[in-house]
Structure formats: structure tokens, C-alpha cells
Amino acid sequence: MLAVHKAVFPVAGIDTRFLPATKASPKEMLPVIDKPLIQYAVEEAVAAGITELIFITGRGKRVIEDHFDKSYEVEHVLRARGLQNLAELVQSIKPPNVNCIYVRQAEPLGLGHAVLCAQKLIGDDPFAVVLADDLLEGQPPVLEQMVHIFSHYDSSVIGVEEFEADGACAHGVVGGRHWDERVINVSSIVEKPAPEKAPSCFGVAGRYVLMPAVFDHLRAQRPGPHGEIELTPAIHSMLEEEQVLAYEFIGKRYDCGTKLGYLQATVDFALRHNEVHDAFGAWLRKRVDGETAAPGTTH
Ligand code: G1P
């Protein structure tokens with residue numbers, strides 16, 4: 001039974017959807033309430049047994065390294081002020097058994113290229129790929145569910161969810177036959193097809209557990225017009241040689257790469273957040289009932 005200890009976090013991409021917020025700071029550091037997206041992704045990976053975190057970073061992303069590094073100043077100041085709990089919270093961002101490794105991707109040349117940047121560090125091991133702008137909630141955490149499926153079948157596993165009618169063009173889409181309620185034996189995967197060309201309504205949700213054979217297929221890809229290499233066609237090419245499964249995870253996905261998904265995550269998480277859920281829930285109910293005047297309205 002193969003274990004999965006390594007995960008790749010491609011974080012070099014330039015964001016256009018959250019400008020100007022992301023002009024000088026990484027989109028992966030956008031907080032949902034009080035925790036950046038990248039930390040949710042890392043926590044999910046660590047819960048799945050991952051101990052080697054490989055970040056594929058780029059210019060302007062150094063703050064991600066700082067976030068997972070020790071901060072003597074912050075810890076010192078918090079302790080000096082008697083804020084022991086906060087000092088421990090800050091200290092626990094990176095568990096002691098976990099290693100963070102940073103690889104620079106000089107140009108953002110696609111998800112496949114980012115994954116290729118990790119090849120030397122991955123070697124012959126299976127590994128996860130985690131896209132932090134997909135915030136996934138599940139119990140057990142989604143990547144843990146996928147590692148379980150991976151270990152059971154010894155096959156690459158792609159996390160998928162059923163999308164709405166017009167969702168194909170925003171996702172990689174898998175086609176194939178259901179083996180059981182949640183596991184699909186993949187026969188094709190297409191990146192953002194036109195709705196009429198989509199092989200199914202199951203879209204890739206930013207989580208993969210892959211066999212290292214994918215690197216051969218990534219290397220064999222012909223780069224796109226701007227030199228970009230995508231992951232989806234490499235996985236499609238892998239299907240000629242080995243079985244790949246899609247797993248319809250138990251949980252919920254927030255597409256925090258879009259404003260709408262980010263807002264939905266913020267509201268849902270706020271309604272459960274131990275500090276603010278009561279007050280926020282009460283405010284939201286009032287707002288929905290129309291009791292709160294719109295901003296700028298005079299009474
Ligand atoms: C990437 C993948 C796509 C997947 C999506 C999930 O696309 O290429 O297959 O469905 O993530 O978020 P992106 O959102 O980076 O355009």
C-alpha cells in the first residue's frame with residue numbers, strides 16, 4: 001500500500017480576479033475571516049498525513065514563506081503582553097513534523113509547468129497537488145478521503161464535484177464509468193470544454209493525488225502558444241498507460257478564485273466562527289429581513 005507524504009502547492013500564479021487587492025500580495029494570502037486560504041489548504045494536507053509541503057512560488061509571493069516561518073518578533077511581543085494563546089496559535093501554523101520547501105517558478109507557465117518544477121523533490125513518490133483557491137470542507141478532510149481512495153486502489157485520484165449546468169467551462173471535466181457511488185474510472189479528462197463537449201458534469205475541484213508517472217506525460221506535452229504546460233492533458237495522456245480514478249468527495253467546495261465563492265466562504269465560515277457567529281448571524285438575519293438600511297440610506 002503506497003503512502004502519500006508530499007504535496008505540491010502551486011502558488012506562483014498572477015491573479016487578475018481580485019485586483020487591486022492582489023497587486024502586491026498573493027491571492028493565496030486572502031483571509032477567510034482570520035486565516036489565509038493557503039493555511040486552510042496546508043491544514044487539509046497535514047490532516048491527510050502530508051509532511052513535505054512543496055510550494056511553487058514566484059515573484060511577490062515571499063510573504064507565503066514568512067507565514068509558515070517562525071516569527072520571533074510576533075511571538076515575543078504576544079508573550080510579553082501575556083497573550084499566551086495567541087502566541088501558541090501563531091506558533092502552531094507550521095506543525096513541527098512538517099517541512100516546507102520553496103521552489104521558484106520564474107514565469108507562470110501553467111499548472112502543469114508548476115507541477116514539473118517539483119519533479120526533483122518528488123522523485124518516484126506519489127504526491128498530492130493542492131490548489132489553495134479551492135477551499136474544501138469535509139469531515140474527514142477532503143484530501144484525507146482521497147488519500148484513502150488512492151491507497152485502496154493504488155491509482156491516481158482526482159477530486160471532483162458535480163457542477164451546475166453552465167459550469168463546464170470553468171473546470172477540468174472527467175468522463176468515465178462509475179465504479180461505485182463516488183468512484184469513477186476515468187476514460188477522458190478535458191480542460192474547460194464548451195458545455196456541449198463536456199464528457200460529464202463532474203468537474204475537477206483543485207485536488208489531485210498523482211502517481212509520479214505523470215511527470216513523463218507532462219514532459220511530453222507540447223507547450224501552448226505562450227509556453228504554458230497544463231496538467232489536464234498530461235493526465236489524459238496518462239490514461240493510455242494506467243488507471244486514473246475520479247472521486248466525488250464528501251464535503252463542500254468554495255471556489256475562492258471567484259468573488260462569489262470567496263463571499264460565500266466568508267459568510268458560511270463567519271456563521272460558524274466561535275467569536276462572531278452569534279453577532280454576525282443576528283446581523284445577517286436582520287439584513288435579510290430588510291431591517292437594516294442599505295449603506296448611504298438616511299433615516
Ligand atoms: C484549474 C484546473 C482545472 C480545475 C480548476 C479547479 O483551473 O486547470 O482543471 O477544474 O483548477 O479550481 P484554474 O481554476 O486554475 O483555471
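Both counts, for ligands and for their atoms, begin at 1 and track the order of listing. A quick note: this is a predicted structure, and the numbers were derived from the prediction, not measured.
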Would Ala170 count as being in polar contact with ligand 1, using the rule that some N or O on each side must be under 3.5 angstrom apart?
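Such a contact does not occur with ligand 1.
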
For ligand 1 and Arg17, I'd like to know whether there is a polar contact (N/O to N/O, distance under 3.5 Å).
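No, since none of the N or O atoms of Arg17 sits under 3.5 Å from an N or O of ligand 1.
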
Are any non-hydrogen protein atoms located under 4.0 Å from atom 9 (O) of ligand 1?
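It does; a protein heavy atom is within 4.0 Å.
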
So does [X] have more than 12 non-hydrogen atoms from other groups sitting under 6.0 Å from [atom1]?
X      : atom1 : result
Glu196 : CD    : yes
Arg272 : CZ    : yes
His76  : NE2   : no

Heavy-atom nearest neighbour of atom 7 (O) of ligand 1 within options Glu230, His171, Lys192, Glu161:
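It is Lys192 whose heavy atom sits nearest to atom 7 (O) of ligand 1.
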
Option set Thr258, Val204, Ile235, criterion heavy-atom distance to atom 5 (C) of ligand 1, minimum
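Among Thr258, Val204, Ile235, the closest heavy atom to atom 5 (C) of ligand 1 comes from Val204.
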
Within less than 4.0 angstrom of ligand 1, does Gly203 place any heavy atom?
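The answer is no: ligand 1 sits nowhere under 4.0 Å from a heavy atom of Gly203.
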
Donor-acceptor pair, side chain of [X] and main chain of [Y], under 3.5 angstrom:
X      : Y      : result
His236 : Ile189 : yes
Lys259 : Arg17  : yes
Glu28  : Ile64  : no
Ser151 : Val147 : yes

Write out the residue and atom name of the closest protein heavy atom to atom 2 (C) of ligand 1, then the distance separating them to 0.1 Å.
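That would be Glu191 OE2, 3.6 Å.
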
Among protein heavy atoms, which sits nearest to atom 6 (C) of ligand 1, and what does the distance come to when rounded to 0.1 Å?
Asp134 OD2, 3.2 Å

Checking contacts here: is it the side chain or the backbone of Thr232 that comes within 4.0 Å of ligand 1, counting heavy atoms only? Could be both or neither.
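Near ligand 1, Thr232 shows its side chain, while the N, CA, C and O stay back.
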
How does Leu131 reach ligand 1, if at all, at less than 4.0 Å between non-hydrogen atoms: by side chain, backbone, both, or neither?
side chain

Using a 4.0 Å cutoff against the non-hydrogen atoms of Arg253, which atoms of ligand 1 qualify?
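Answer for ligand 1: 6 (C), 12 (O).
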
Proximal ligand 1 atoms for Gly206, defined as those under 4.0 Å from one of its heavy atoms
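Every atom of ligand 1 under 4.0 Å from some heavy atom of Gly206: 6 (C).
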
Students often mix this up, so state it plainly: with edges at 30° and 60°, are the rings of Phe55 and Phe9 parallel, tilted or perpendicular?
parallel

